[in-house]
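For reference, the structure is listed below as structure tokens.
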Amino acid sequence: MDRKRPVSSDRRLSRSWPGGCPGFEGMIRFKLKAAVENAVEKAIAAGQLGELKDAPAAVVIEKPRLPEHGDFACGVALKMASAARMSPIKIAEAILDRIEVPARCVARMEVAQPGFINFRLSVGWLEEALREIHQAGADFGRSSSGRGQRVLIEYVSANPTGDLHIGHGRGAVYGSCLANLLKFAGYAVEQEFYLNDTGEQMLTFGRCAWAAYQRRLGKRVDYPEDGYPEDSLARFIEAVVAREKDRWLSLPAEEGQRKLGELTRDTIIEWQKELLARLHIEFDRWYSELSLHERGAVEAVLQRFAESGMSYEAEGALWLKARQLGDERDRVLRKSGGATTYLAADAAYHLDKYERGYDHLITIWGADHHGQVPGLKASVQALGKDPARLEVILTQIVNLQREGQMVRMSKRRGTVVTLAEVMDEVGVDAVRYYLAESNPQNPINFDLELAKQTSRENPAFYIQYAHARCCAILRRALEPRVNSDTGAEEPPTVSQAEWRQWCDLYKSSTEVFAPIFEEDPEIFAHQKNLIMRLQDLPEEVEEAAATRSPGRLARYAFDVANDLQKFYEVCRVITADAAVTRARLGLIVATRQVLANVLGIIGVTAPERM
RNA sequence: GCGCCCGUAGCUCAGUGGAUAGAGCCCCCGCCUUCUAAGCGGGUUGUCGUUGGUUCGAAUCCAACCGGGCGCGCCA
């Protein structure tokens, strides 16, 4: 039943082939899509698709799971069948007859039950893909789909009252990866950390810091019972004492609480900055909540709510009419005691974000804050801003495990495992990879022992190893060789001058890559798989950016590494044949480039040797 | 009770309308005179939480239910 038709050379579109595929810019899937769309149009125009006047379904080129179904497949005939009142097979045949692709690019096209069109690639587009990778270099995979839109991503925003834990780490890594990703996808991204450096909690914190400071210097005073655990402050108090000695000890209580609160808070903030920098996270701005209060922004927002009739007084408190705006209940803006709530400050903060002119706002919170989302949305709406431009992403919990057993964390009992400890134990790259890999809405089980025990097998390491291996091969080709028989030093396989020449060729020529391929079908399959994977990067970036899933790229990097290893296993790169060596080094360098680009996005280092 | 998130192999997770549901870990068996064996190949593993619906076709969409997590009027 299946109709098989080899592509004959007279169906070539491109007269200038090889050397480029005019009219087929972009990735292979896109090139195929365009060819199929074109064929559908022509088939309709020729009246071969029954009563169809226009294409009722978008052409989607997918990757079949089974190798027998080719490298790519298209199910558009199935989607058109009912509208055309024809059998999918007949439609597929009519379309296939009109698909025009260069013979060097597609080896075979066929119609298969129940109406798929399957494609098996030849080498033309693979060579072109490699040339594109070399030409784009560090920019390969970068897209302009963000159209330079300004996006502000706010994340971590941990309270400056203690250590960061693994949950903060997750938000930090996710936010940072998302920022890198959106930049790569063509957005103008800024990253911001919101400091809760004022309010009720800072008063409590000041009392604790003051007590801890006095106690550290030998004074017999009680430590507040319901405050932050003394142990969790000890390290920071130690730093404060080392710097300030006992010069504040004689302050009156109220002054002392304020002063030590500030000193300790600032110590913690500095410490958080350093820790996050170690995780390869740099914020453009640390935005102080206190600064909002100080310049009256919070009061101004309350004023605006009052003027627009969006707030009211009840039970001694000031309320936002959030119910009117889709929330399940109204929200308190100012407590009966007179202090403003977190929501009031957050409304002022988000209003400021809007007024700074961003096209889009992303706020990343831990999932335990999800109850606040409707209130925040309602408040920005009440301020006349479009809540659709504010995207709140919630990151789920991280369960720390050790050998499959949950690590119970209790602040009170001081059994909290800090982010710093996890980083020290399993390494920054592993922490980044494991936290980057999953999607934010899923809880993570992070097993410390597993991450350590399998350090040779862990994905972060495996990907880095693949990158280092590419570097090693290139080094090998460019370094002088030692003759194993005579011990004499011989010139390198590739001279520096040659190499520079080759690098230019990689960017301008597709023929240069032709000698990569072996006739042996098994080896060819590995070569093709690797190149197909590399040329996927732009699509992966698009998809990851659109779904806010940088973790997708972490998994993609693993697949690239895996395909490289399989290729490496069956195929030598440096050979006696200069043309073959040149071609395959081009593939290795392209692979290295793709790995480096992806590792850059997920913030894992790309080592040259391991 | 209400709201949000989740439920896929022993474990950790992909896959969100297409053909026979995939990786890694774990376990077993092979492979180093040759560019990094920190590697590769092979083998085993599934009521896709349950039931019903929509569709030519459902892990994927809809409804109800079950199980887990989180949140729920002046904490942040």
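Naming: A, B, ... by sequence-line order, numbering from 1 per chain.
- Between V301(A) and F305(A) there is a side-chain heavy-atom pair separated by less than 4.5 Å.
- Straight-line distance between the P atoms of rG53(B) and rG73(B): roughly 41 Å, to the nearest whole Å.
- Distance, I516(A) CD1 to rC35(B) P: 21 Å, rounded to whole Å.
- Y342(A) has its side chain within reach of Q372(A): a pair of non-hydrogen atoms, C-beta onward, lies under 4.5 Å apart.
- The two residues E437(A) and R555(A) have their closest heavy-atom pair at O-NH1, 2.5 Å.
- Rounded to whole angstrom, the span from the NZ atom of K377(A) across to the P atom of rG3(B) amounts to 20 Å.
- The separation of rC6(B) from rU16(B), taken at their C1' atoms, amounts to 14 Å, rounded to a whole angstrom.
- Rounded to a whole Å, the OH atom of Y342(A) is 17 Å from the P atom of rG73(B).
- A close approach under 4.0 Å does occur between a side-chain nitrogen or oxygen of N445(A) and OP1 or OP2 of rU12(B).
- Proximity of N442(A) to the phosphate of rC13(B): no side-chain N or O atom is located under 4.0 Å from OP1 or OP2.
- Separation of the C1' atoms belonging to rU54(B) and rU12(B) is 34 Å when rounded to the nearest angstrom.
- With P as the reference atom, rC65(B) and rG46(B) are 31 Å apart, rounded to whole Å.
- Under the Watson-Crick or G-U wobble criterion, with both distances below 3.5 Å, rU55(B) is left unpaired in every strand shown.
- Residue C571(A) is in base contact, counting any heavy-atom pair closer than 4.0 Å across all strands shown.
- Checked against rU36(B), rG71(B), rC35(B), the side chain of D368(A) finds its nearest nucleotide in rG71(B).
- Side-chain atoms of H467(A) and T591(A) form no donor-acceptor pair, as typed in the model, at a separation below 3.5 Å.
- Rounded to an integer number of Å, the gap from CD of E289(A) to P of rA76(B) is 9 Å.
- You'll find a donor-acceptor pair under 3.5 Å spanning the side chain of Y465(A) and the base of rU36(B), going by distance alone.
- Among the nucleotides rC35(B), rA23(B), rG73(B), the one closest to the side chain of W319(A) is rG73(B).
- For N159(A), the listed nucleotide lying nearest its side chain is rA76(B); candidates were rC13(B), rA76(B), rC35(B).
- Using a 4.0 Å heavy-atom distance criterion, R329(A) is classed as a sugar-phosphate-only contact.
- Checking rU60(B) for Watson-Crick or G-U wobble geometry (two distances, each under 3.5 Å) identifies no partner in any strand.
- Nucleic acid contact for E437(A): none, since no nucleic acid atom lies under 4.0 Å from a heavy atom of the residue.
- At the heavy-atom level, A367(A) lies under 4.0 Å from the strands shown only through sugar-phosphate atoms.
- Atom-to-atom, OH of Y433(A) to P of rC25(B) comes out at 12 Å; the value is rounded to the nearest Å.
- In this structure, S336(A) and A477(A) both approach RNA chain B, and ranking their closest nucleotides by distance from the 5' end singles out A477(A).
- Here N562(A) does not reach the OP1 or OP2 of rG39(B): none of its side-chain N or O atoms lies under 4.0 Å away.
- The nucleotide rG71(B) finds its pairing partner in rC2(B), both defining distances of the Watson-Crick or G-U wobble pair being shorter than 3.5 Å.
- Residue Y462(A) has a polar side-chain atom (N or O) positioned under 4.0 Å from OP1 or OP2 of rC40(B).
- Pair assignment for rC32(B) gives none, since no Watson-Crick or G-U wobble pairing has each distance under 3.5 Å.
- Ring-base stacking between F116(A) and rA19(B) is satisfied, the centre separation being under 5.5 Å and the plane angle under 30°.
- A339(A) comes within contact range of no nucleotide atom at all, as no heavy-atom separation falls under 4.0 Å.
- In this structure, the side chain of R432(A) engages the main chain of I602(A) through a donor-acceptor pair within 3.5 Å.
- rC27(B) and rC61(B) are spaced 36 Å apart, taking the P atom of each and rounding to whole Å.
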- Message: ring pair (Phe, Tyr, Trp, His ring centres under 6.0 Å), that's the test. Do F461(A) and Y433(A) meet it? Break it down for me.
- Response: CA-CA 9 Å; F461(A) 201 89; Y433(A) 186 86; over 10 Å; no

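- A parallel orientation is assigned to the rings of W286(A) and F193(A), their planes being inclined by less than 30° (bins at 30° and 60°).
- Across all strands, A468(A) comes closer than 4.0 Å to base atoms (heavy-atom distances).
- Here, rG3(B) and rG15(B) have their C1' atoms 28 Å apart, quoted to the whole Å.
- The side chain of M610(A) sits closest to rA38(B) out of rG3(B), rA19(B), rA38(B).
- Closest to the side chain of R555(A), out of rG15(B), rC6(B), rG39(B), is rG15(B).
- When the P atom is used for both rA76(B) and rG71(B), the distance is 16 Å, rounded to whole Å.
- Look at CD on Q464(A): it is 16 Å from C1' on rG39(B), rounded to the nearest Å.
- F446(A) comes within contact range of no nucleotide atom at all, as no heavy-atom separation falls under 4.0 Å.
- At a cut-off of 3.5 angstrom, the base of rG71(B) holds no donor-acceptor pair with the side chain of H369(A).
- Distance L564(A) CG to rG41(B) P: 12 Å, rounded to the nearest Å.
- Here H370(A) does not count as stacked on rG71(B), because the ring centres are not under 5.5 angstrom apart with planes under 30°.
- When distances run from any side-chain atom of Q441(A) to the nucleotides rC35(B), rC40(B), rC5(B), the shortest one goes to rC5(B).
- On the C1' atoms, rC13(B) is 16 Å away from rU45(B), given to the nearest whole Å.
- Within a 6.0 Å radius of NZ in K321(A), more than 12 heavy atoms belonging to other residues, nucleotides or ligands are found.
- Between E200(A) and Q396(A), the residue whose closest nucleotide on RNA chain B is further toward the 5' end is Q396(A).
- Outside the 6.0 Å centre-distance limit, the rings of Y194(A) and Y155(A) are not counted as a close aromatic pair.
- Note on L474(A): nothing from the nucleic acid sits closer than 4.0 angstrom, heavy atoms only.
- Each of rA19(B), rA76(B), rC35(B) was ranked by its minimum atom distance to the side chain of Q201(A); first place goes to rA76(B).
- Base-pair partner of rG10(B): rC25(B) (Watson-Crick or G-U wobble, both distances under 3.5 Å).
- Side-chain N/O atoms of K566(A) include one lying less than 4.0 angstrom from OP1 or OP2 on rG41(B).
- Base engagement by R609(A) is indicated by at least one non-hydrogen atom pair under 4.0 Å involving a base atom.
- Residue-level contact check: D226(A) touches neither bases nor backbone, having no heavy atom under 4.0 Å from any strand.
- Classification of K33(A) and E62(A) as a salt-bridged pair fails, no side-chain N sitting under 4.0 Å from a carboxylate O.
- With a glycosidic angle more than 90° from 0, rC13(B) adopts the anti conformation.
- Note: CD1 (I574(A)) to P (rC35(B)) measures 9 Å, nearest angstrom.
- The base of rA14(B) has none of its N or O atoms less than 3.5 Å from a complementary donor or acceptor on the side chain of D559(A).
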